[in-house]
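Have a look at the structure below before the remarks.
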Amino acid sequence: EWLKQMKSASILPDVAAFNAAMHGFARKGSVAGVEHCFQQMANERLQPDRASYNTAISACAETADDVGASAHLRKMQRAALEPDLVSYSALITSCARASNSPEALKWFNEAASKGVGVDGVCFNAVIDSLAKSKRVEEAEAWLRKMTEQNLQPGEDTFNTMIAAFAGQGKMDSAEVWLQRMIACNLRPNVRSYNLILNGFAELQRPKDVLKWMENMVKAGVQPQLVTYNTVIKAFVKAKEPEEAKKWFHHMQQSGVVPNVMTYTSIATLAARAGDAESVRKLMQEMASKGVMPDAVTFGCWIQAHGQARNLAGAIQVLQERMPVAGVKPTAFTYLLLFRYCCTRARRYPDEAEMLLRKMVAAGIPPHDEVKKVLKPVFGDAKSNALWS
């Protein structure tokens, strides 16, 4: 559109104009928009310059398209334009976001060999890619290289290391990295603490979650929605329903509005107890606050009916409640129902067949776990016919 406007005003677009348009597309992560600009430049017989290619690489980095970023850098070189620090840092970042540590290392080494002064951004990207690939020892080694070159790691680098160790359940190491962050005169932010909290939550260690929540508040870092959701999740996983409910109320008293993840965690407690009525009331509360339930929330409602051996109620949730809310069932939704159709105490082959046909009609293919649950009900011959 802007190109038409320029031409209608008898203004010939130049490379700078196209670069400005590409920059706008790149900020939105629109690789297609950038590629369209390249095509239009070719139509106008204009040669892209280094800024053009760098913008294209940056757009690819926004979408973790390391293949596209690499292709643009090679095109740049074929056009006799040498990549600079901006080119390589964007490319290495794209590899990091794609969790492609071998490519990140390759491009870092190429930049260094060509005398491009790699900076903290490049180091951070390599460390990030290694950590995401669970190569944490190598990530630590690269962090040492970074400091040896008098480059100061930032909050993101430390958070990357905390996330890597917390994700592996190595909480002692995760805590050490948070302390190192403080030793480097960097203030841990809300993400730093949330990573620690989530690591302990996954290990079902709610006492440690509360300890770090207290440390967080003492450090003057305000807990956010994700923080409270993590605390609630910790108690749900540890099967301490009263504590989970207490924190659910506490977050609201603190002015933090629950989201679908919060409500789903609380609904999980009711589902385990077979309390479908409590799940229904939670759904009503969500609606009153404008929080839309998702398939997982409805799965809790189905699970609550199933635990209470109310198969009809569970099927009603699928057939009536979910369509009204505009929520589509997933493979897991059907798997829950199939499990309640095929209990050890009693089997419901007619209901199971009806649900299976509904699942297939919805374009959801039965996966191996579904087949495993249903095979004892239908037998080999009928199972094979139904799958096909």
Checklist entry - Does the pair Thr262 and Asn229 meet the rule for a side-chain hydrogen bond (donor to acceptor under 3.5 Å, both in side chains), with working shown? => result CA-CA 6 Å; Thr262 323; Asn229 281 349; 2.5 Å; yes
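- When atom types are taken as modelled, the side chain of Arg50 and the backbone of Leu81 share no donor-acceptor pair closer than 3.5 angstrom.
- Counting only distance, with no hydrogens or angles, the side chain of Asp119 and the backbone of Cys122 share a donor-acceptor pair below 3.5 Å.
- With a 6.0 Å radius and a threshold of 12 heavy atoms from other residues, nucleotides or ligands, Gln47 has its CD atom at or below the threshold.
- Side-chain atoms of Leu203 and Met171, non-hydrogen and from C-beta on, do get closer than 4.5 Å to each other.
- The two residues Val317 and Pro323 make their nearest non-hydrogen contact at O-CD, 4.5 Å.
- Taking CE of Met181 as the start and CZ of Arg187 as the end, the distance is 10.0 Å to the nearest 0.5 Å.
- Residues Leu356 and Phe338 are in side-chain contact: their nearest non-hydrogen atoms beyond the backbone lie under 4.5 Å apart.
- Looking at heavy atoms from C-beta onward, Cys341 lies in side-chain contact with Leu311 at the 4.5 angstrom threshold.
- Between Cys342 and Val377, the shortest heavy-atom contact is SG-CG2, 3.1 Å.
- In this model, a donor atom of one side chain and an acceptor atom of the other lie less than 3.5 Å apart for Ser87 and Asn54.
- Looking at heavy atoms from C-beta onward, Val231 lies in side-chain contact with Met213 at the 4.5 angstrom threshold.
- Glu175 contributes atom CD, which lies 4.0 Å from atom CZ of Phe200 (distance to the nearest 0.5 angstrom).
- Salt bridge status for Glu242 with Lys246: absent, with no side-chain N to carboxylate O gap under 4.0 Å.
- Heavy atoms only, all atoms of each residue included: Ile302 and Leu336 are closest at CG2-CB, 4.2 Å.
- A donor atom on one side chain and an acceptor atom on the other are found under 3.5 Å apart for Glu103 and Trp107.
- Put simply, the side chain of Leu91 reaches to within 4.5 Å of the side chain of Ser70, judged on heavy atoms.
- Annotation for Lys375: atom NZ does not count as buried by contact number, only 12 or fewer foreign heavy atoms lying within 6.0 Å.
- For CG of Asp368, the number of neighbouring non-hydrogen atoms (other residues, nucleotides, ligands) closer than 6.0 Å is 12 at most.
- The CE atom of Met283 lies 12.5 Å from the OG atom of Ser278; values are rounded to the nearest 0.5 Å.
- Judged by distance alone, with hydrogens and angles left aside, the side-chain atoms of Asn198 form no donor-acceptor pair with the main-chain N or O of Asn194 at under 3.5 Å.
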Checklist entry - Does the side-chain contact (heavy atoms from CB on, under 4.5 Å) test come out yes or no for Lys358 and Leu318, once each step is laid out? => result CA-CA 10 Å; Lys358 190 176 181 68; Leu318 172 77; 4.1 Å; yes
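- Here the side chains of Tyr53 and Pro48 are in contact, with some heavy-atom distance below 4.5 Å.
- One finds the CG atom of Leu186 at 10.0 Å from the CD1 atom of Ile182 (value rounded to the nearest 0.5 Å).
- Thr268 and Ser265 share no side-chain donor-acceptor pair at under 3.5 Å.
- No side-chain donor-acceptor contact under 3.5 Å links Arg272 to the backbone of Gln307.
- The hydrophobic cluster containing Ile364 also contains Met354, counting ILVMFWY residues as joined when their side-chain heavy atoms lie under 4.5 angstrom apart, directly or transitively.
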Checklist entry - Between Leu130 and Val136, is a side-chain contact (heavy atoms from CB on, under 4.5 Å) present by the stated rule, with each step listed? => result CA-CA 6 Å; Leu130 289 168; Val136 288; over 6 Å; no
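- A side-chain donor from one of Lys289 and Gln252 sits under 3.5 Å from a side-chain acceptor of the other.
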Next on the checklist: Apply side-chain contact (heavy atoms from CB on, under 4.5 Å) to residues Asn215 and Trp212 and explain how you reach the verdict.
Outcome noted: CA-CA 5 Å; Asn215 291 345; Trp212 277 99; 3.6 Å; yes
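- With hydrogens and angles disregarded, a donor-acceptor distance shorter than 3.5 Å links the side chain of Arg97 to the backbone of Ala61.
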Item to check | Stepwise side-chain hydrogen bond (donor to acceptor under 3.5 Å, both in side chains) test for Tyr340 and Glu351 | outcome: CA-CA 10 Å; Tyr340 298 128; Glu351 288 83 352; over 6 Å; no
Next on the checklist: Assess the residue pair Thr55 and Ser58 against the criterion (side-chain hydrogen bond (donor to acceptor under 3.5 Å, both in side chains)); give the C-alpha distance rounded to whole Å, side-chain angles, the decisive distance to 0.1 Å, and a yes or no.
Outcome noted: CA-CA 5 Å; Thr55 303; Ser58 297; over 6 Å; no
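- Taking the six-membered ring for Trp and the full ring otherwise, the centers of Phe123 and Phe108 sit less than 6.0 Å from each other.
- Ring geometry for His250 against Trp247 counts as perpendicular: the plane angle is over 60°, on a 0 to 90° scale with 30° as the lower cut.
- Taking the six-membered ring for Trp and the full ring otherwise, the centers of His72 and Phe38 sit less than 6.0 Å from each other.
- Taking both residues in full, the closest heavy atoms of Pro258 and Leu225 are given as CA-CD1, 4.2 Å, listed atom of the first, atom of the second, then distance.
- A 4.5 Å side-chain heavy-atom check between Phe18 and Leu46 finds at least one atom pair inside the cut-off.
- Counting heavy atoms from C-beta outward, Ser94 and Asp65 have side chains that stay 4.5 Å or more apart.
- Connection of Val279 to Val260 is established within a shared hydrophobic cluster, with ILVMFWY side chains joined at heavy-atom distances below 4.5 Å, either directly or through further cluster members.
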Item to check | Worked check of salt bridge (charged side-chain N to carboxylate O under 4.0 Å, His left out) between Arg339 and Glu369 | outcome: CA-CA 10 Å; Arg339 284 174 175 163; Glu369 187 63 24; 3.7 Å; yes
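- Looking at Asn19 and Asp49, their side chains do bring a donor and an acceptor atom within 3.5 Å of each other.
- In terms of heavy-atom proximity, Cys37 sits nearest to Met22 at CB-CG, 3.3 Å.
- A salt bridge is absent between Lys145 and Glu148: the closest approach of a Lys/Arg side-chain nitrogen to an acidic carboxylate oxygen does not fall below 4.0 angstrom.
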Checklist entry - When you look at Leu282 and Trp301, which way does the side-chain contact (heavy atoms from CB on, under 4.5 Å) test go after all the steps? => result CA-CA 10 Å; Leu282 277 170; Trp301 203 352; over 6 Å; no
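- Side chain to side chain, Glu285 and Tyr263 meet the donor-acceptor criterion of an N or O pair below 3.5 Å.
- Note on Glu110 versus Arg74: salt bridge recorded, some NZ/NE/NH1/NH2 to OD/OE distance being below 4.0 Å.
- By the criterion of side-chain heavy atoms lying less than 4.5 angstrom apart, applied directly or through intervening Ile, Leu, Val, Met, Phe, Trp or Tyr residues, Val226 is not grouped with Val221; the two fall into different hydrophobic clusters.
- To the nearest 0.5 Å, atom CG of residue Leu355 and atom CG of residue Leu335 are 11.5 Å apart.
- To the nearest 0.5 angstrom, Ile266 atom CD1 is 5.0 Å from Ile232 atom CD1.
- A donor-acceptor pair is defined here as one N or O able to donate and one able to accept, closer than 3.5 Å; no such pair exists between the side chain of Asp128 and the backbone of Asn124.
- No donor-acceptor contact under 3.5 angstrom links the side chains of Ser99 and Ser133, judged on distance only.
- Within a 6.0 Å radius of NZ in Lys134, no more than 12 heavy atoms belonging to other residues, nucleotides or ligands are found.
- Taking hydrophobic clusters as Ile, Leu, Val, Met, Phe, Trp and Tyr residues chained together by side-chain heavy-atom distances below 4.5 Å, Ile315 shares a cluster with Val327.
- Scanning both residues, Pro223 and Met216, for their nearest heavy atoms gives CA-CE, 3.7 Å.
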